[in-house]
Amino acid sequence: MSAEIFERATEAIVAGNGLEALEVAKEGLAQGIDPLQLMDNGFIPGINKVGDLFGSGRLFLPELVMSASAMERATELINAAIPSELEKTQGRVVIATVEGDVHDIGKTIVVSLLKANGFEVLDLGRDVAVSRLIDEADKFDADIIGTSALLTTTMGAQKQLEEELIGAGLKGRFKTMVGGAPVTQRWAKRIGADGFAEDAGEAVKKAKSLLDIG
Ligand code: B1M
């Protein structure tokens with residue numbers, strides 16, 4: 001049963017069919033499928049396939065946009081269904097997709113999962129300048145600054161964040177966590193970020209370990 005839903009979810013994203021994506025998300029949730037399973041086994045393989053087709057020139061920008069829009073609609077519904085496990089505050093996280101980058105689907109999933117695990121999250125959205133991230137982290141009294149980058153050309157902003165934190169004498173005040181499809185543990189180490197996470201589940205674990213909790 002779940003396998004069929006996962007397959008339909010993947011197909012709906014590849015076809016750029018927003019209505020079908022919403023329908024499948026609703027049906028999957030109604031069947032009691034875990035929202036993250038639905039994402040990881042259905043919708044994410046779909047958008048990854050679209051990414052591969054786009055990357056190899058077999059699909060073009062208008063189709064990528066349609067698929068992205070279908071993905072956004074499904075993600076919104078699924079994120080809203082992620083159960084909140086904890087009431088108490090685990091820590092405060094300021095998060096954004098870096099400047100020049102509008103990819104925010106994955107970052108939004110990370111936000112939902114952090115919230116569901118008791119973190120207070122200030123989501124600044126996408127295309128956010130490093131200076132703003134630091135200002136908002138200061139005002140929010142954040143424990144962690146998280147950045148997402150999906151383009152090889154925008155990953156540099158994660159390095160810039162480390163440099164600006166050091167320059168402002170704030171490196172010790174906030175932990176930093178980086179993520180996004182082209183981002184790796186190696187990159188995190190190279191730029192001096194405190195943590196890296198491959199996916200949203202890992203991001204929650206990493207945030208907890210950075211703050212020495214649970
Ligand atoms: Co774009 N795009 N895109 N795109 N897009 C990629 C990234 C690309 C790899 C596609 C390809 O060519 N194969 C390619 C980048 C190539 C490169 O950099 N070398 C690319 C390109 C080229 C572009 C444009 C330049 C295309 C153009 O205009 N000619 C343009 C750039 C716009 C810009 O940002 N300035 C563009 C635009 C778009 C859309 C707007 C159409 C749309 C984004 C819509 C949106 O986000 N609201 C889009 C999409 C959808 C993609 C792909 C297909 C899918 C991204 C996605 O949502 N994945 C992508 C190909 C790919 O990545 N496979 C592609 C699903 C999501 C759940 O995964 O974001 O990786 P992800 O998040 C994961 C983890 O990475 C991690 O957890 C998440 C959940 O598991 N994670 C974190 C993410 N952030 C984290 C933060 C953390 C921790 C973990 O801590 C803080």
Side-chain angles (χ1 to χ4, degrees), residues 9-10 13-14 16 18 21 35-76 78-79 82 91 93-117 119 121-128 133 137 142-158 161 174-185 187-188 191 193-210:
T10 304
I13 298 303
V14 174
L36 279 177
Q37 292 286 317
L38 209 44
M39 216 58 220
D40 288 348
N41 299 321
F43 292 106
I44 292 179
I47 199 73
N48 282 341
K49 196 165 172 189
V50 169
D52 290 345
L53 291 169
F54 179 72
S56 59
R58 282 175 290 158
L59 181 144
F60 299 99
L61 195 56
E63 294 148 304
L64 171 66
V65 171
M66 296 269 290
S67 292
S69 156
M71 183 74 185
E72 284 164 6
R73 295 173 77 175
T75 307
E76 198 181 336
I78 288 174
N79 278 342
I82 294 177
V93 183
V94 165
I95 193 167
T97 300
V98 298
E99 190 165 20
D101 200 326
V102 303
H103 297 86
D104 64 356
I105 294 169
K107 184 264 302 160
T108 307
I109 301 172
V110 172
V111 169
S112 298
L113 218 59
L114 284 170
K115 284 185 178 167
N117 281 276
F119 285 88
V121 184
L122 176 62
D123 181 1
L124 299 177
R126 55 196 193 177
D127 191 12
V128 175
L133 259 164
D143 301 301
I144 299 175
I145 303 179
T147 51
S148 184
L150 265 285
L151 297 169
T152 45
T153 48
T154 58
M155 286 165 69
Q158 295 178 325
L161 172 65
F174 310 109
K175 298 283 184 192
T176 52
M177 178 160 71
V178 293
V183 177
T184 58
Q185 176 61 54
W187 169 249
I191 64 173
D194 299 297
F196 156 75
E198 182 90 41
D199 58 33
E202 286 299 317
V204 171
K205 285 189 202 150
K206 184 58 74 178
K208 286 183 179 173
S209 84
L210 286 176

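One-based numbering, in listed order, for ligands and for the atoms of each. We number each residue from 1, following the sequence as shown.
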What atoms of ligand 1 come within less than 4.0 Å of a heavy atom belonging to [X]?
X: Ala197; answer: 88 (C), 89 (C)
X: Ala200; answer: 77 (O), 79 (C), 80 (O)
X: Asp101; answer: 34 (O)
X: Gly146; answer: 91 (C)
X: Ile44; answer: 67 (C)
X: Ala181; answer: 62 (O), 70 (O), 75 (O)

* To do: Using a 4.5 Å cut-off on heavy atoms from C-beta on, say whether the side chain of Met177 contacts that of Asp194.
  =>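 Contact flag for Asp194/Met177 side chains = no.
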* To do: State, yes or no, whether a side-chain contact exists between Thr147 and Thr176 at a heavy-atom distance under 4.5 Å.
  =>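 Not in contact.
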For [X], is at least one N or O under 3.5 Å away from an N or O on ligand 1?
X: Thr153; result: no
X: Thr152; result: yes
X: Asp199; result: no
X: Gly100; result: yes

* To do: Return the number of protein N, O or S atoms with a distance to atom 1 (Co) of ligand 1 smaller than 2.8 Å.
  =>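 That number is 1, waters not included.
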* To do: Determine, using heavy atoms of Arg126 and all atoms of ligand 1, whether some pair is separated by less than 4.0 Å.
  =>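 Contact present.
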* **Sub-4.0 Å heavy-atom approach of Ile109 to ligand 1** =>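 Judged by the 4.0 Å heavy-atom criterion, Ile109 does count as contacting ligand 1.
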Tell me: protein heavy atom nearest [atom], and distance?
atom: atom 61 (C) of ligand 1; answer: Asn48 OD1, 4.1 Å
atom: atom 81 (N) of ligand 1; answer: Gly180 N, 3.6 Å
atom: atom 44 (C) of ligand 1; answer: Glu72 OE2, 3.4 Å
atom: atom 84 (N) of ligand 1; answer: Ser148 OG, 2.8 Å
atom: atom 90 (O) of ligand 1; answer: Met177 CG, 3.6 Å
atom: atom 27 (C) of ligand 1; answer: Leu61 CD1, 3.8 Å
atom: atom 54 (C) of ligand 1; answer: Ile47 CG1, 3.5 Å
atom: atom 73 (C) of ligand 1; answer: Gly106 CA, 4.1 Å

What closest approach, in Å, do [X] and [Y] show between heavy atoms, and which atom pair accounts for it?
X: Leu150; Y: Asp101; result: N-OD2, 2.8 Å
X: Leu124; Y: Ala96; result: CB-CB, 4.0 Å
X: Ala149; Y: Pro182; result: O-CD, 3.2 Å
X: Ile13; Y: Ala70; result: CD1-C, 3.8 Å
X: Ala142; Y: Phe174; result: O-CD2, 3.2 Å
X: Trp187; Y: Met155; result: CZ2-O, 3.2 Å

* Stepwise side chain to side chain contact (heavy atoms under 4.5 Å, CB included) test for Thr154 and His103 -> CA-CA 11 Å; Thr154 58; His103 297 86; over 6 Å; no
* To do: Measure the spacing between CG of Leu53 and CG of Asn48 and express it to the nearest 0.5 Å.
  =>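 Between atom CG of Leu53 and atom CG of Asn48 there are 11.0 Å.
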* Could you give the distance from CD1 (Ile78) to CG (Leu38), rounded to the nearest 0.5 Å? ->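 Those atoms lie 4.0 Å apart.
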Determine yes or no for a side-chain-to-main-chain donor-acceptor pair under 3.5 angstrom, with [X] supplying the side chain and [Y] the backbone.
X: Ser67; Y: Glu63; answer: yes
X: Ser148; Y: Gly180; answer: no
X: Asp123; Y: Thr108; answer: no
X: Thr97; Y: Asp127; answer: no

* Asked: When you look for heavy atoms under 4.0 Å from ligand 1, do you find them on the side chain of Val102, its backbone, both, or neither?
  ->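 The answer is both.
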* Applying side chain to side chain contact (heavy atoms under 4.5 Å, CB included), run through Phe119 and Leu113 and close with a yes or a no. => CA-CA 9 Å; Phe119 285 88; Leu113 218 59; over 6 Å; no
* To do: Assess whether atom CD of Glu76 is packed by more than 12 heavy atoms of other residues, nucleotides or ligands within 6.0 Å.
  =>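 Open: at most 12 neighbouring heavy atoms sit under 6.0 Å from CD of Glu76.
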Check residues 196-207 and write down every donor-acceptor pair under 3.5 Å in which the side-chain atom is one partner and the other belongs to a residue at least two apart or another chain.
from, atom 1, to, atom 2, distance (Å)
Asp199, OD1, Gly201, N, 3.2
Asp199, OD1, Glu202, N, 2.9
Glu202, OE2, Lys205, NZ, 3.4

* Would you tell me which option among Glu198, Met71, Met66 has the nearest heavy-atom contact to atom 76 (C) of ligand 1? =>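 Among Glu198, Met71, Met66, the closest heavy atom to atom 76 (C) of ligand 1 comes from Glu198.
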* To do: Establish whether atom 11 (C) of ligand 1 and some protein heavy atom are separated by less than 4.0 angstrom.
  =>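 Looking at atom 11 (C) of ligand 1, one finds that a protein heavy atom does lie closer than 4.0 Å.
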* Asked: Can a protein heavy atom be found under 4.0 Å away from atom 49 (C) of ligand 1?
  ->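 Under 4.0 Å from atom 49 (C) of ligand 1, at least one protein heavy atom found.
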